[in-house]
Peer 1: 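Submitted below is the structure of interest, expressed as structure tokens.
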Amino acid sequence: MEKFILRYFNLIRTIIAILIGVIVSVFLIFLISREPGFSLRSFLLGPFLSRSRFSNMVETASPIIFCGLAIAVAFQAKQFNIGAEGSLYLGAAVGTAFAVSTRMPAVFHIPLTLLVAAAAGAAWGFIPGILKARWKASELVSSLMLNYVAYYGGLYLINFHFRDKGAGYLVSHQLPQSAWLQQFLSGTRLHWGIVLAIVFALLVYYFLYHTTTGYEIRMTGQNEHFARFGGINVLRIVVLSQVILGLLAGFGGMTEVMGIHRRFNWQMSPGYGWDGIVVAIIGRNHPLLIIAASFFLAYLRVGGQVLNLMSDVPWEMVTVIQSLIILLITAEAFLSQWRYRITVRQAERAGGGA
């Protein structure tokens, strides 16, 4: 039993954290709401009670998966780049500019638009990467600051060069239909971007765990000095990991524009890049676990929206509940003493047996 606990400790700890978070959430809802039973049902079951809400949960998870994968690649290399938000925003803005400026068949327009957005995101990820590799500049600080540059740069590009002045609000021209990602389930906004997100998660998993470059990224993250001693070009890996981060984030942002909005309408940063940090931590930087973590975060978001709309629980309390659950999951010290005691007992038994 103890071996099983140690082997699957992170999974068990995550499940316990979720259960504690749900129990505390139930207590808070009963404390605040006049109809706690209805409010609790809205929060926990709301995302599954209608096709539109369920599809909203799935479509919300799509860009979060891309950003979680992006952050995970950099984190695997021990590069604390938090620039996925900037790469997503700028990549989507540049991709939109390309899409509305060109006309071609969909078979070319869709992949080229996605590639342009990914290239813009990758170029943005290259900047903190080269700054870290050449001049030891903190990628945490540079990527954070560059998020603001990307945000205002994207706003300038759209609002001053590709704005639809007849729309009545600040949005870009609508993308031509040849650049749309089609929605495949009637009555919902589910589009092929979610399929691309799952495919990319599988590709990133294969890349990290079944290729030489992926091994070099993981080894650099585990022990940079050992990696350098083993002949790995650490400077190249530092830059490459952050370029891949930008590429994935830019690609993911463009799928959201092409699949749902069909025009660039983000006058505020959408926040998917920050969600990507959360799901990368919850998923332990593992691409397949990031899929589950992204759907879990999307479930909390949609459940919170339903709770806010259908019950008397204010949105601020919804945010507290969501934050509490995420905080417990991501707390590294949570139940660490339990794991330590089990490890010590096993070591004592092994020593006694010897």
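Basis for what follows: all heavy atoms, side chains included, without hydrogens, waters or symmetry-related copies. Because the structure is predicted, anything quoted here is derived from the model rather than measured.
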Peer 1: Within the supplied structure, the quantity of interest is the number of heavy atoms (other residues, nucleotides, ligands) at a distance under 6.0 Å from Phe48 CZ; does it exceed 12?
Peer 2: yes
Peer 1: Are Phe264 and His173 an aromatic pair by the rule of ring centers under 6.0 Å?
Peer 2: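 Between His173 and Phe264, which both carry aromatic rings, the centre distance is not below 6.0 Å.
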Peer 1: Using a cut-off of 6.0 Å, state whether more than 12 heavy atoms not belonging to Phe184 lie near its atom CZ.
Peer 2: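 For Phe184, atom CZ is crowded (more than 12 foreign heavy atoms under 6.0 Å).
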Peer 1: So which heavy atom on Ser143 is nearest to which on Leu140, and how close?
Peer 2: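 That closest heavy-atom pairing would be OG-O, 3.3 Å.
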Peer 1: Which donor-acceptor pairs under 3.5 Å do side chains of residues 88-98 form with protein atoms, sequence neighbours excluded?
Peer 2:
| from | atom 1 | to | atom 2 | distance (Å) |
| --- | --- | --- | --- | --- |
| Tyr89 | OH | Trp266 | O | 2.4 |
| Thr96 | OG1 | Ala92 | O | 2.7 |

Peer 1: Output the distance between atom CD1 (Ile217) and atom OG1 (Thr212), rounded to the nearest 0.5 Å.
Peer 2: 11.5 Å
Peer 1: With rounding to the nearest 0.5 Å, note down the distance linking CG in Leu45 to CG in Leu40.
Peer 2: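 The CG atom of Leu45 sits 8.0 Å away from the CG atom of Leu40.
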Peer 1: For Pro128 and Asn81, work out which heavy atoms get closest and say how close.
Peer 2: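 It is CG-ND2, 3.4 Å.
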Peer 1: Could I get the full list of side-chain contact (heavy atoms from CB on, under 4.5 Å) partners for Val204, not counting sequence neighbours?
Peer 2: Leu69, Val73, Leu208, Leu248, Pro287
Peer 1: Which pair of heavy atoms, one from Ser33 and one from Ser39, lies closest together, and at what distance?
Peer 2: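 Where Ser33 meets Ser39 most closely, the heavy atoms are OG-OG, 2.8 Å.
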Peer 1: Please report the shortest heavy-atom distance between Pro111 and Ala106, naming the atom on each side.
Peer 2: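 Taking every non-hydrogen atom into account, CD-O, 3.8 Å.
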Peer 1: Would Val58 end up clustered with Leu44 when hydrophobic side chains under 4.5 Å apart are linked, directly or stepwise?
Peer 2: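 Yes: a chain of side-chain contacts under 4.5 Å links Val58 to Leu44.
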Peer 1: Has Arg301 got a side-chain atom pairing as donor or acceptor with Phe296's backbone, closer than 3.5 angstrom?
Peer 2: no
Peer 1: Okay, side chain of Trp124, backbone of Leu146: is any donor-acceptor separation there less than 3.5 Å?
Peer 2: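 Checked: pair present.
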Peer 1: Restricting to side-chain contact (heavy atoms from CB on, under 4.5 Å), what partner residues turn up for Pro47, sequence neighbours left out?
Peer 2: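 side-chain contact (heavy atoms from CB on, under 4.5 Å) list for Pro47, sorted by chain: Met57, Tyr299, Val302.
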Peer 1: Mind checking whether Leu196 and Met254 sit in one hydrophobic cluster, side chains of I, L, V, M, F, W, Y counted as touching below 4.5 Å?
Peer 2: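 Shared cluster, yes.
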Peer 1: With heavy-atom distances below 4.5 Å as the criterion, would you say the side chains of Phe162 and Ser101 are in contact?
Peer 2: yes
Peer 1: Between Asn147 and Glu85, is any side-chain donor less than 3.5 angstrom from a side-chain acceptor?
Peer 2: no
Peer 1: Do Val238 and Leu235 sit in the same hydrophobic cluster, where Ile, Leu, Val, Met, Phe, Trp and Tyr count as joined when their side-chain heavy atoms come under 4.5 Å apart?
Peer 2: no
Peer 1: Sorted by first residue and then second, give each salt bridge (charged side-chain N to carboxylate O under 4.0 Å, His left out) pair with at least one member in residues 197-209; sequence neighbours left out.
Peer 2: none
Peer 1: Among all residues two or more places apart in sequence or in another chain, which pass the side-chain contact (heavy atoms from CB on, under 4.5 Å) test with Leu240?
Peer 2: Thr213, Arg236, Ile244
Peer 1: Listing request: all salt bridge (charged side-chain N to carboxylate O under 4.0 Å, His left out) pairs with a residue in residues 189-215, at least two apart in sequence or in separate chains.
Peer 2: Glu59-Arg189
Peer 1: Using distance only, find each side-chain donor-acceptor pair of residues 113-122 under 3.5 Å and give its atom names and separation, not counting sequence neighbours.
Peer 2:
| from | atom 1 | to | atom 2 | distance (Å) |
| --- | --- | --- | --- | --- |
| Thr113 | OG1 | His109 | O | 2.7 |

Peer 1: Applying side chain to side chain contact (heavy atoms under 4.5 Å, CB included), run through Gln222 and Met219 and close with a yes or a no.
Peer 2: CA-CA 5 Å; Gln222 291 174 17; Met219 185 54 60; 4.2 Å; yes
Peer 1: Calculate, to the nearest 0.5 Å, the distance between atoms CD1 and CZ belonging to Ile291 and Phe200 respectively.
Peer 2: 13.0 Å
Peer 1: Find out whether Gln183 and Leu190 are in side-chain contact, i.e. whether some heavy atom of one side chain is under 4.5 Å from a heavy atom of the other.
Peer 2: no
Peer 1: Kindly write out the residues that satisfy salt bridge (Lys or Arg N to Asp or Glu O under 4.0 Å) with Glu224, not counting sequence neighbours, or none if the list is empty.
Peer 2: Arg228
Peer 1: Check for a donor-acceptor pair, side chain of Asp312 on one end and backbone N or O of Arg34 on the other, with a separation under 3.5 Å.
Peer 2: yes
Peer 1: Quick one: salt bridge (charged side-chain N to carboxylate O under 4.0 Å, His left out) pairs with a partner in residues 118-141, sequence neighbours left out?
Peer 2: Lys132-Glu139
Peer 1: Below 4.5 Å, heavy atoms only, C-beta onward: do Tyr215 and His210 meet side chain to side chain?
Peer 2: no
Peer 1: Any heavy-atom pair between the side chains of Met104 and Ser178 that's under 4.5 Å?
Peer 2: no
Peer 1: More than 12 non-hydrogen atoms from neighbouring residues, nucleotides or ligands closer than 6.0 Å to OH on Tyr151, yes or no?
Peer 2: yes
Peer 1: Work out which heavy atom in Ala70 is nearest to a heavy atom in Ala249; give both atom names and the distance.
Peer 2: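 Between these two residues, the closest heavy atoms are CB-N, 4.1 Å.
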Peer 1: Using distance alone, with no hydrogens and no angle criterion, decide if Ser55 and Thr188 have a side-chain donor and acceptor under 3.5 Å apart.
Peer 2: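 Side-chain D/A pair, Ser55 to Thr188: absent.
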Peer 1: Would you please say whether a donor-acceptor pair under 3.5 Å links the side chains of Gln267 and Asn159?
Peer 2: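 Yes, Asn159 and Gln267 have a side-chain donor paired with an acceptor closer than 3.5 Å.
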Peer 1: Starting from Tyr156 and following side-chain heavy-atom contacts under 4.5 Å between hydrophobic residues (I, L, V, M, F, W, Y), which residues can be reached?
Peer 2: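 Reading the cluster by chain and number, Tyr156 sits alongside Phe160.
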Peer 1: For the CD1 atom of Ile127 and the CE atom of Met145, what is their distance to the nearest 0.5 Å?
Peer 2: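 Answer for the CD1-CE pair, Ile127 versus Met145, is 14.0 Å.
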Peer 1: Enter the distance from Ile237:CD1 to Ile232:CD1 here, rounded to the nearest 0.5 Å.
Peer 2: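 Answer for the CD1-CD1 pair, Ile237 versus Ile232, is 7.0 Å.
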Peer 1: What pairs with Ile64 under side-chain contact (heavy atoms from CB on, under 4.5 Å), at least two apart in sequence or on another chain?
Peer 2: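 By the side-chain contact (heavy atoms from CB on, under 4.5 Å) rule, Ile64 matches Thr60, Tyr272, Asp275, Val279, Ser294, Leu297.
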Peer 1: Tell me, do Leu185 and Arg51 make a side-chain contact under 4.5 Å, heavy atoms counted?
Peer 2: yes
Peer 1: Of all the heavy-atom pairs spanning Ser62 and His191, show the shortest one and how long it is.
Peer 2: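 Looking at all heavy atoms of both residues, the closest pair is OG-CE1, 4.4 Å.
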Peer 1: Using the side chain to side chain contact (heavy atoms under 4.5 Å, CB included) rule, take Arg218 and Tyr209 through it: C-alpha gap first, then chi angles, then the decisive distance, then the call.
Peer 2: CA-CA 9 Å; Arg218 292 186 292 111; Tyr209 294 97; 3.7 Å; yes
Peer 1: Applying salt bridge (charged side-chain N to carboxylate O under 4.0 Å, His left out) as the test, list every pair that has at least one member in residues 247-268; sequence neighbours left out.
Peer 2: Asp164-Arg263
Peer 1: Look up atom CZ in Arg41 and atom CD in Glu35, then write down how far apart they are to the nearest 0.5 Å.
Peer 2: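 Rounded to the nearest 0.5 Å, the CZ-CD separation comes out at 12.0 Å.
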Peer 1: Under the criterion side chain to side chain contact (heavy atoms under 4.5 Å, CB included), which of Asn308, Val313, Leu307 is the partner of Phe43?
Peer 2: Leu307
Peer 1: For the hydrophobic clusters of this structure (ILVMFWY residues joined by side-chain heavy atoms under 4.5 Å, transitively), does one cluster hold both Ile65 and Trp192?
Peer 2: yes
Peer 1: Go through the steps to decide whether Leu203 and Tyr206 satisfy the test side chain to side chain contact (heavy atoms under 4.5 Å, CB included), and finish with yes or no.
Peer 2: CA-CA 5 Å; Leu203 291 175; Tyr206 180 83; 5.7 Å; no
Peer 1: Does Leu181 share a hydrophobic cluster with Ile260, counting links as ILVMFWY side-chain heavy atoms below 4.5 Å and allowing steps through other members?
Peer 2: no
